[in-house]
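All values derive from a computational prediction rather than experimental measurement. Just so it is clear: chains get the letters A, B, ... in the order the sequence lines come, proteins before strands, and each one is counted from 1.
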Protein chains: 2
Amino acid sequence: MSKAAATRLNILHKAFELIYAKGYQTTSIDEIIATTKVTKGAFFYHFKSKDEMGLAIINEILKPTMEESFIKPLENATEPIGVIYQMMYDLLFNNEFLKLEYGCPAGNLTQEMTPWNVEFSEVLSSLTRKWHSTLEKLIEIGKKNGNIRPNVNAAQVAYFVMSGYWGIRNFGKVYKSKDCYFAYLEELKVYLDGLK
Amino acid sequence: MSKAAATRLNILHKAFELIYAKGYQTTSIDEIIATTKVTKGAFFYHFKSKDEMGLAIINEILKPTMEESFIKPLENATEPIGVIYQMMYDLLFNNEFLKLEYGCPAGNLTQEMTPWNVEFSEVLSSLTRKWHSTLEKLIEIGKKNGNIRPNVNAAQVAYFVMSGYWGIRNFGKVYKSKDCYFAYLEELKVYLDGLK
DNA sequence: ATAAAAACATACTAATTAGTATGTTTTTTG
DNA sequence: CAAAAAACATACTAATTAGTATGTTTTTAT
């Protein structure tokens, strides 16, 4: 990787962490260049504006990591219940990047940006839709191979499961304890077993 | 009500709407006084700082309205399943203040403020805990009167149900359609019926 | 090696921010 | 009614913001 490309990637990574912790609008460019030790000239050489950087973060950092954590574990799976539970467990307890007090990066950005920024809204929407369709397909597979009851509505289940995840991440933030994660996961298990 | 008290309340209400739509940190005092047609002198006569106003909004506006929508419908109820479903339905479809694209005011504030503002965090946490304990108590009543299976874990169910609500509010924001509300509610019904 | 382009650095700007200093006008109280 | 306090108004300030103008240095291509 060229030095310039490394500078750019470094900005994206550090800015992503700052935005994850503090929010997009309250993370200033001055703060980003201070932590990356890059000058303002370099920053605006790589990105025309703050929003261009923000979209690059979503497309080049958030999207690939979400594919890894939210999509990949569900692909090529045949037994939805165990796989979905395990994915949630891993996200809540085994992910070394995600922090209890900062919640879910995609959820945070969605809440902050979608009401007024069309570009952010569109790219976040497509991320979310991809997760939903992956989940839905997996449930359908489960229905076909008998792991899931045939009268289960796959699209509904997908929404229900995803909502729970975004919600419990917000509870973790306010309670500042993973206890609610445990409770959520236990009840998720009860719910998923009901789909058999 | 005195004229001064009316001015103060007007600031709180207008500021609450702005913050609901745009977020706390990105709603400026200048914007608040412009929409309330109150001068800066009046604003800082009533509130020592922006944060003091923010906390007043939570305590004097958000808290009472949440008690009305999230607590009262559950109190003195005996049949949890129908009551919880109806509350969610009313929140998602019959509430004239809440807007699809702006999500849940308490959820928004929680996500934005709890990582770094202790005071906001504490008051939002107590709001959330109150909702949780009300839900938990209702489930316990249902267990005693036979509407809910005895082996159901009430605290877990409360977390699970609350998470789903915060989550689906966020989905509504990004999808900009109430379709996901319908799907969520249908699956909530399936889940709740499983607690019988 | 050298010219050209890419990458980065420094110093600025105009707008916006929360908050203050210092008033004037209302309202209340004796 | 008159003094005092409460309520509100105006004009400022210092800090921070995204972004620009104008450089210098480093890399690349010939």
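D:dT13 atom P lies 16 Å from atom CG of B:D30, rounded to whole Å. Counting to the nearest Å, the P atom of C:dA18 and the CD1 atom of B:I11 are 14 Å from each other. If you measure from atom CZ of A:F44 to atom P of D:dG19, you get 5 Å, rounded to the nearest angstrom. Between A:K50 atom NZ and D:dA18 atom P the separation is 5 Å, expressed in whole Å. In this structure, CD1 of A:I32 is placed 14 Å from C1' of D:dT16, rounded to the nearest angstrom. Between the CZ atom of B:R8 and the P atom of D:dA6 there is a distance of 15 Å, rounded to whole Å. Spacing between atom NZ of A:K22 and atom P of D:dT16 amounts to 12 Å, rounded to whole angstrom units. Rounded to a whole Å, the CZ atom of A:F43 is 20 Å from the P atom of C:dA6.
B:I141 and B:Y85 are not part of a single hydrophobic cluster, where members link through side-chain heavy atoms under 4.5 Å apart.
Residues A:G41 and A:Q25 each lie close to DNA chain D; by heavy-atom proximity, the contact nearer the 5' end of the strand is made by A:Q25. Between B:K3 and B:I29, the residue anchored closer to the 5' end of DNA chain C is B:I29, taking for each the nucleotide with the nearest heavy atom.
In terms of phosphate contacts, A:S28 brings no side-chain nitrogen or oxygen within less than 4.0 Å of OP1 or OP2 of D:dT16. Within the 4.0 Å cut-off from OP1 or OP2 of D:dC8, at least one side-chain nitrogen or oxygen of B:T7 is found. Side-chain N/O atoms of B:H46 include none lying less than 4.0 angstrom from OP1 or OP2 on D:dA6.
Between B:F171 and B:Y181, the distance from one ring center to the other does not fall under 6.0 angstrom.
Annotation: cation-pi geometry satisfied between B:K50 and B:Y24 (NZ/CZ under 6.0 angstrom from ring centroid, within 45° of ring axis).
Within 4.0 Å (heavy atoms only), A:S49 reaches sugar-phosphate atoms of the nucleic acid but no base atom. Residue A:T26 is classed as having no contact, given no heavy-atom separation below 4.0 Å to the nucleic acid.
Judged purely by distance below 3.5 Å, without hydrogens or angles, the side chains of B:S133 and B:R129 never pair a donor atom with an acceptor atom. Neither side chain, A:K173 nor B:S121, offers a donor N or O lying under 3.5 Å from an acceptor on the other.
Pair assignment for C:dT22: D:dA9, on the basis of Watson-Crick or G-U wobble contacts that are both within less than 3.5 Å.
Side chain A:K40 to base D:dG19: a donor-acceptor pair is found below 3.5 Å.
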